[in-house]
Amino acid sequence: MASRSSHAADASQSKSGSLENPSPNIQPRPNYGQAGSLTRSPSTFPVAISALDAVTVMDDYDPDDLLTKHTVSEVRTVQQRLRANAEAKQEELRLMVGERYRDLLQASTSIISIAESSKRVLEVFHEMCDIVGAAKLPCTPKRSSTSAEDEHLEALQSLSAHLKLLLDAPEHLWRFMERKLYLHAAWLFMTARAVHRTLLRGGGDADQKWQVYAIDVSEQMPIVHRQWEAISQFRVQITQKATVSLREHMISPEEVCATLLTLHLLESRPLSETLTIYLTQRSKALSFTLSHLYEHHMNGDAHASVGNGKTSSRAHKANVREIKQRLQTVLEIICGTLGTAREIFADNARANKLSMMKQTLQYIQTGSMPAAHLPAELEITTRSLLNSLPASTHFLLLPESIRSYKPYVDGTSLSSSIPQAQLDEKLDAWFTQSMSDLGVVLRRWFSALEGVREVWEIRTSSFDLIETLDGIQAEEKSRMRSFLDDHSRRQAVVVWKSALETLEMELRKHLSHAIETVRQKPDEALSDMQSIEFLFEVPSPQHSFEVNMGSLTTASSFRRYKASIERRMQGRTSLLDEVLGSVESQARSLKEDLEGMQAVDAESCALAQELRELYKSDAEALCTGLVTILEHATDTNTTDETDACRRTSLFVGQAAYKLASTSSFITTIGCDELETSKFRKLMHAICDSVMQRWMNHVLKQIIATYASTFTSSDISRQQGIASSSVTSVSPALVHVLFLLSSSLHDISVYLEPAERTDLIANSLRDFFQAVRDSIQNAEQKGTTNQTDVQHFYDMIFLRKLACEWKSRLPDVLETLDHHLAATQKKLSQANVVHLQLDVDGSIAEYLSRTQTLLSLLLPPHDIRVEMGGKTQTHDQSNSLLPCGIPAVGQHLQPAMELVKPSARFGLLLVGGAALR
């Protein structure tokens, strides 16, 4: 046993001796001063004396003499040789340290095995003593717990553990940074710094004084300096990577706290400064997200339109969905930043709970676990950190001062806490700036929306998202909702203003096109100007009712055909439907869009009501603009008296009337009742003005035609005709009444019954007045008795016709009675006594025979009932023939003069008669 112990001692001495006495092949390294120059101790260096002499070895030299005796090139040669020699010595030293490190490991393993063997031998000896049963156990001398050799070995093992930590630190630091464990990396860096300082001091504990064993780390192990130089560079990298990691969106509060704690411990930054860094990085992340989303939005819009420049419905839905996702991402970043900052730095006074940062600092300072357990990312100690490293058993040889190392934390310092007021101020300023940045981009996102419904949908989804977000206060949620309301209100106004402007432009465009068609191509616009022709045109089934197995079905085709028939019944000609259909469809789309503002809470109801009020004012301004457009169109054509301008004015009047009556535009555009009534009155005024001008023109032509019968040639032709031959109404009067009826039929067919009745009554009043004035003018120029008799019959016929409108034309009856009395008196003075005794009966019979021809000039059924009393009954024959049934078998005077047959006309019938 003693021999084994001696052998072990010899082995340990040999191992230690190998460290103390280096190999004889390795020359001692030169000493360097602080300035990096060579010392003046003697050495053997080959130096070149000159370029011509042979190279000799200098036993002793002085740098000053070397510089004075030799040239610069020779000194440089010496310098290069010395430098090469120094590098060779350093390489030998590195190899030597590596070999000794391996020897130390092998020696430690051997020592452990020897110690275990010795323990087993000792146990065997104790068993032998018990078996022998000696009365008294032999007193074995106690061996000292630590001999000089063991202390030397433990010192070497501790030194190797220190060196291994420095050598392995870069690899572990890279691994921690790749896993984004920046607090672990910073803690390992600070531990490596403590190890480096311990090595430079020669051992931290009393039993770790390596200088006692002739080990000078700073002199004998330059690898310590070089390894620390490599490790010290990680400080900047850890700081930069930790700072940049704060921009990540999905980072948890625990990871943020660990990152900010890294900056606080590694760079001694106050917590207020770390909060500023955190908010700055979150602002950069928000700006990057906004710019990235905006660029993606612009690139996506470039491909969202179809060939005609319009955006498809699918593209609209995709655009709304993308804006929702972008806004959700931004709101989550803002709310997540505020919530994370409060969770890390703000104390919970209600729950009597410290902030996460204070709990972590308290845990680092005291080492005791707080009441609320910290997350695993923050429960870190030097012991747990070393145990998590690969080959952690080697670090068990580190002294307790290293294994229990912890950074210095002063909990009472102002840099280790943030006042609540300062925290609230910084968070409020950051929140305000973030919402401002979001507002700039949100206006660009909203500019791609083309409907109020889309804006409202995004607003509703954003409100729902805000209610589900945590980490923000109620006041901040209210500010977010107000922010979204402002942008939604602004975009909604922009959307409907654009829609209303488009509607007005469409009306101008289609109205200009229709006016140009009516003016330049009257043949093509004939059916548009003559509603009777258009009414009786049969729509082409191939055009309106086609069966398409693709996009249109039979049912949809039938609906189109039915709609065309209904438009035809309403007098909506092609040009009118082109003008009115555009504004009606856009007004309908706008109404459907506004109906999408469905409110479920009081806040949404208030905003929806406010938007409707704003829209109502814009819609009223649009209606005023449409009235101005139609008035301008009619005023422009008033100055010109050509037929084209008259047709144009008549078309504009028809459009105005349709807008005021049967068109759905005014009911769907969204005006209130007062503005709707005002719009209809103005449109009716435009229509009445156009109709009045048109009827004045027609009456002027009709009266000119009737007055042409009073020329001197006609009077001279009638001189030889006795006055007794005049027994009925003149054909000229019947002709002009037929022209008047035809004109009224063309322009009043699309009017409502009441308005048509007013137009006919007013036209008859003007016509009766114009005929009476024309007859008076003819009588003043001088007429014959036969002419006066004819005028008398014509006036009686007009009076009979006016009696049918007794309730509407009482003034006309009075004027005609006065004129008839004067004419009859004149004829009595002229001894014209052969007038028929039953003039009224013959005129009534004549009216009954011409009532079908002049049906439009007769009052409608309701006025006749009003004149005859409400109890009067009317059968079907009275409804069709209001003036009575003509007598059969009586001689019928021709209503119009026909061309007299020539002398040869009878001969033409001879052949026909023979054939019969």
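These numbers were taken from a predicted model, which means no experiment stands behind them.
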Strictly below 4.0 Å, N to O, side chains only: are R321 and E457 in salt-bridge contact? no
Say you draw a straight line from CG of L500 to CG of D618; how long is it, rounded to the nearest 0.5 Å? 6.5 Å
Run the side-chain contact (heavy atoms from CB on, under 4.5 Å) test on D486 and R489 for me, step by step, so that the C-alpha distance in whole Å, both residues' side-chain angles and the decisive distance to 0.1 Å come before the verdict. CA-CA 5 Å; D486 293 340; R489 182 187 301 106; 3.0 Å; yes
Closest approach of G451 and D593, non-hydrogen atoms and distance? CA-OD2, 3.1 Å
Measure the CZ-OG distance between R756 and S763 for me, rounded to the nearest 0.5 Å. 12.5 Å
With no hydrogens and no angle check, just 3.5 Å: does a side-chain donor-acceptor pair link H510 and E506? yes
Salt bridge (Lys or Arg N to Asp or Glu O under 4.0 Å) assessment of E578 paired with K509: CA-CA 10 Å; E578 179 183 350; K509 181 180 71 174; over 6 Å; no
Looking at F483, I want to see if its CZ is surrounded by more than 12 non-hydrogen atoms of other residues, nucleotides or ligands under 6.0 Å. yes
Salt bridge or not between K616 and D672? Use side-chain N to carboxylate O under 4.0 Å. no
Within a reach of under 6.0 Å around NZ of K477, are more than 12 heavy atoms found that belong to other residues, nucleotides or ligands? yes
Enclosure of D601 CG (heavy-atom neighbours >12, cutoff 6.0 Å): yes
Does E504 pair with R508 as a salt bridge, N-O distance under 4.0 Å? yes
Go through the steps to decide whether N696 and R693 satisfy the test side-chain hydrogen bond (donor to acceptor under 3.5 Å, both in side chains), and finish with yes or no. CA-CA 5 Å; N696 290 338; R693 290 198 297 268; over 6 Å; no
Please confirm whether R459 makes a cation-pi placement over W456, using NZ or CZ under 6.0 Å from the six-membered ring centre and within 45° of the ring normal. yes
Relative to each other, are the rings of F679 and F665 parallel, tilted or perpendicular (30° and 60° limits)? tilted
Is there a side-chain hydrogen bond (donor to acceptor under 3.5 Å, both in side chains) between Q692 and D688 once you walk through the steps? CA-CA 6 Å; Q692 188 62 40; D688 294 341; over 6 Å; no
Are V579 and H513 packed together at the side-chain level, in the sense that at least one heavy-atom pair is separated by less than 4.5 angstrom? no
Might you work through the side-chain contact (heavy atoms from CB on, under 4.5 Å) test for L438 and L327, ending with a clear yes or no? CA-CA 9 Å; L438 174 60; L327 190 56; 4.2 Å; yes
Evaluate the criterion side-chain contact (heavy atoms from CB on, under 4.5 Å) for residue pair I472 and M480; output intermediate values, then yes/no. CA-CA 10 Å; I472 56 176; M480 279 188 175; 4.2 Å; yes
Under a 3.5 Å distance rule, please check whether S478 uses its side chain to pair with a backbone N or O of A474 as donor and acceptor. no
Determine whether L630 and L511 satisfy the following criterion, side-chain contact (heavy atoms from CB on, under 4.5 Å), listing intermediate values before the conclusion. CA-CA 9 Å; L630 294 180; L511 184 62; 3.7 Å; yes
Can you check whether W805 reaches V812 side chain to side chain, under 4.5 Å on heavy atoms? no
Give a yes or no answer on whether the side chain of S498 reaches the backbone of V494 with a donor-acceptor pair at less than 3.5 Å. no
Over 12 foreign heavy atoms within 6.0 Å of CD, E673: no
